[in-house]
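First the structure, in the form of structure tokens, and then the observations on it.
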Amino acid sequence: MISDPLTLLAVMMIILFVFLLSGLWIGFSLFATGVATMLLYDFTLPPTISIWSKIGGLIANSSWNSLDSWSLVALPLFVFMGEILYHTDISNKLFNGLLPWFSKIPGRLLHLNVVACSMFAAVSGSSAATTATVGKITLNELKKRGYSKSLSVGSLAGAGTLGFLIPPSLIMIIYGVMSNVSIGKLFIAGIIPGLMLGGLYSFYIMIASLIKPNVVPKEQEQFGLKDRLVALKDIMPVFLLIVLVLGSIYMGFATPTEAAALGVVGALLLALMFRNLTWDNFKLSVKNSIKTTVMISFIMMGAAFLSQVAGFSGITRSLSLYVAQSHLSPYMLLLIVGFMYLLLGAILDGVSMVVMTTPIILPIMQRAGFEALWFGIFLVIMVELAQITPPVGFSLFVIEGISGEKVSDIIKYSFPFFLIMIFVVAILAIFPQIVYFLPSHMIR
Amino acid sequence: KTIKMNLNCIYGPNSIHTEGAMKFAELVKKYTHGSVVITVYPGGSLGFKGPELLRVVRDGQVPMSDILMGVVSGSEHVFGVSSLPKLVNSYEEAFKLYQAFKPLYEKAALRWNQKFLYAAPWPPSGLVTKVKIESAKDLKGLKIRTYDKNGAKFLRILGANAVSMPWGEVYSALRTNLINGVLTSAESTKNGKFWEVLKYFSPINYAYPLNMVTINLDYWKALDKKQQQAILRAAKETEKYQWAYSEKINNEDLKIIQGHSMVVNEPTEEFERQMEKASRQLVEEFLDKASPSEKKILREFIK
Amino acid sequence: MIERLIGWIDRLSNLFAYLSAFFLIVIIVLIVSNIVLMSLFNKSIMITDEYSAYMFAAFVMFSVSYTLKEGGHIKITVLTSRLPDGVERIAKFLTTTIAFALSIYMFYFSCVMVYQAYVYQMRADTVAQTLLWIPQLCMPIGFFILSLQLISEILKVFK
Ligand code: NA
Ligand code: NA
């Protein structure tokens, strides 16, 4: 029996690693670790309640509550949309259409993930959906054309997380409600840091391909202005789709989740228009959407349960309080808090991270002089980082799901992009005006 | 040995009921001289969020919880009283209603293996809209977000189109004109900074919904007499404080949203009559399903 | 005999995957209808968000076993793939058994949850006030087929 939460945290991490390395499915590993941690924790229970039924009740309830969620409904829809685009000619067309436009930029189509993710991020509220949709369209094509695997997978992992930073954003909504910061302001504040992050990813790709020219395929066709204009025709379908989805949100016809359903219908219509929607394609798209969505959701259920175990046993609280009680200079505090989030992000999902730490950490940060709006953006990037850190990193799982690459390789490939995110956090800490610029100009 | 208990709160750390729960926890610690320590978990971070709460406390999965009564009225009819529309029109009346029903609340809680500790009201909901509402005519065709069956029926009777939508999507839906207004309190209007997207607040005092805090009976019985007494004392003080605080904050919030150039317009007499009619219809529906003792008290109250 | 059992379980998982596909389509139809109604007639199908979420839950629970069968659930194989064949098999047997135990555990307690929702006629706190045991029924069903599929996977280890 362990009563000290920080000791319990260490034990919990060890148990989780053992389960994961033993080859137990990730979702099950999370559930098993949660159960084990509850059993090890020193509860004071009245005699009528058995620990087994307490854990059982918690699992059943938290699983149901994490599935019974309107905002999660968007996940299968966006995944389905990506599948339809992937299994029909549309993704191919997108490539042919973009090729001439990127032909002069070092790294050429490697920028595709960054551009496409930034665009899809503006449509979907979650990183998992963004990564899955874009990855489904791009990864195989890039591989087929001979682009470097490490850069294409890495840039997908990095840019996919923009789903949370570029509005609409699930995480910002949750944080906004908890912190009393205007959700509208948060949304707008995320735009510049999001674009900055995207820009830096592209910059890195350029540098990398200048240093190592073999990351892009050898043969390079020459394209003139005419080719580029003709190519626009091929980009049109996807462009229209984005206009449909974004337009329906911003013109006030649909909420972000509803817009996902419009996206599916739009993708189906496009596929019909180009006459390559076969019954087999359709069936395969549905099948793959089921597999990808269920895989992610099952892990989410496990992560939600584990997060609640961390809550019940006081782990999250103690860790946050520990940070709160050490009196530090603002930057030192930020460093420690950032480090704490990296640690928590290793095992928790983003929503739980925000829900459980905000009440304790935000007041401390405000006392140290950080504004709630700024901290929100910081927190979103921390959540994004958590998406690509092992052992529980949703983007890692999504990419493994769609590409078949090994998780360990994906971690390696995404490391440079991880560093870029850290770099952006540092920049935002030194120049907080970057965060305030748009909100102060656009909202009273 | 100190007894440690978790208190589950479904609302965020800055919500008045979570703050109340924290105050309660502090008082309990003080009055029991540290022998009972209650930890408050805000934002539903323990994984429970709605209609299951009565059962969750009954089974001791969490020893204590803050529960919005309306949310569990599907399991226990009497808990639906405080969310009936336009039954009371002031904090004073709301308190009278609460006192009248308290014995039934306590009994209902006992049926669910828990002890009722205290209850306090949310600030009353008003109509927050883009256009000025002076009578039911102005509501015609407007898309108004509401959160429960009563609200939806009430709005529909008055001629508006009720829309159900998660709270997190409301702000952007207002911004894009997907919906034209919300049925909510000045407190939520302030917290959501709705002056950025809406113009009018009509304080119709739609309802004063109660949140209650209960404790699992097994945990309760495991405490000694002194501890129980101390907890009841803390509950009583918290309740008193929370009722006053809810009213105070509502008045302040109305001033704050006016300070952000929202127009607070009292409903006209005509509109009041129209709402009264809508309300009576819903109260009658509630009475149809009520137990004899509920009927007796409620009839007595609306007489 | 064992072959037939495995085949039978696999077919059951496939069957439920078809149900998931059905729910996916219904979700899309429901949401799109709501958008059309809202923009043309200002009317909202008040249950769109609530029922889409229920159907999403069923969508996931009904296909957890199918996804398992198709190898869609991820596991980390850095270590186990380096083990000698026999040892790897034992590891696989052990982990699948743990998963089976968990699945049975979750099956039992989701039954308890649904049963209590039924006994107490618990309703959702939404406009439709749906009886909760109905949508929640997807949980025990899902964990039941998942447990069967895990038995099938255990049998496959020794095939
Ligand atoms: Na986004
Ligand atoms: Na992580």
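When reading the values below, keep in mind they use all heavy atoms of this one structure, side chains included, and skip hydrogens, waters and symmetry mates. Proteins get letters first, then strands, A, B, ... in listed order; numbering begins at 1 in each.
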For [X], which atoms come within 4.5 Å of any heavy atom of chain A: side chain, backbone, both, or neither?
{"X": "C/I25", "value": "side chain"}
{"X": "C/P140", "value": "neither"}
{"X": "C/M38", "value": "neither"}
{"X": "C/C138", "value": "side chain"}
{"X": "C/V64", "value": "both"}

Between A/V264 and C/V32, is there a side-chain heavy-atom distance shorter than 4.5 Å? no

For chain A, which of C/V36, C/L68, C/L83 has the most heavy-atom pairs under 4.5 Å? C/L68

Under a 4.5 Å cutoff for heavy-atom pairs, which residue among C/A17, C/G71, C/A99, C/A101 has the most contacts with chain A? C/A99

Is A/L39 atom CG crowded by more than 12 heavy atoms from other residues, nucleotides or ligands, each under 6.0 Å away? yes

Atom CZ of C/F158: over 12 foreign heavy atoms under 6.0 Å: yes

Closest-packed option against chain C by number of heavy-atom pairs under 4.5 Å, given A/V265, A/I299, A/I55, A/L262: A/I55

Could you check which of A/L77, A/V407, A/L67, A/V73 has the highest count of heavy-atom pairs closer than 4.5 Å to chain C? A/L67

CD1-CZ distance between C/I98 and A/F28, expressed to the nearest 0.5 angstrom: 11.0 Å

Distance check, rounded to the nearest 0.5 Å: C/L40 atom CG versus A/F253 atom CZ? 9.0 Å

Is there any N or O donor on one of chain C and chain A with an acceptor on the other under 3.5 Å, and could you list each such pair with its distance?
{"from": "C/N34", "atom 1": "ND2", "to": "A/E258", "atom 2": "OE2", "distance (Å)": "2.9"}
{"from": "C/I74", "atom 1": "O", "to": "A/I26", "atom 2": "N", "distance (Å)": "3.0"}
{"from": "C/Y105", "atom 1": "OH", "to": "A/W52", "atom 2": "O", "distance (Å)": "2.6"}
{"from": "C/Y105", "atom 1": "OH", "to": "A/G56", "atom 2": "N", "distance (Å)": "3.0"}

If one checks every heavy atom of A/I59 against chain C at 4.5 Å, the contacting part turns out to be side chain

For C/A21, enumerate each residue passing the side chain to side chain contact (heavy atoms under 4.5 Å, CB included) test, keeping only those at least two apart in sequence or located in another chain. A/V286, A/I290

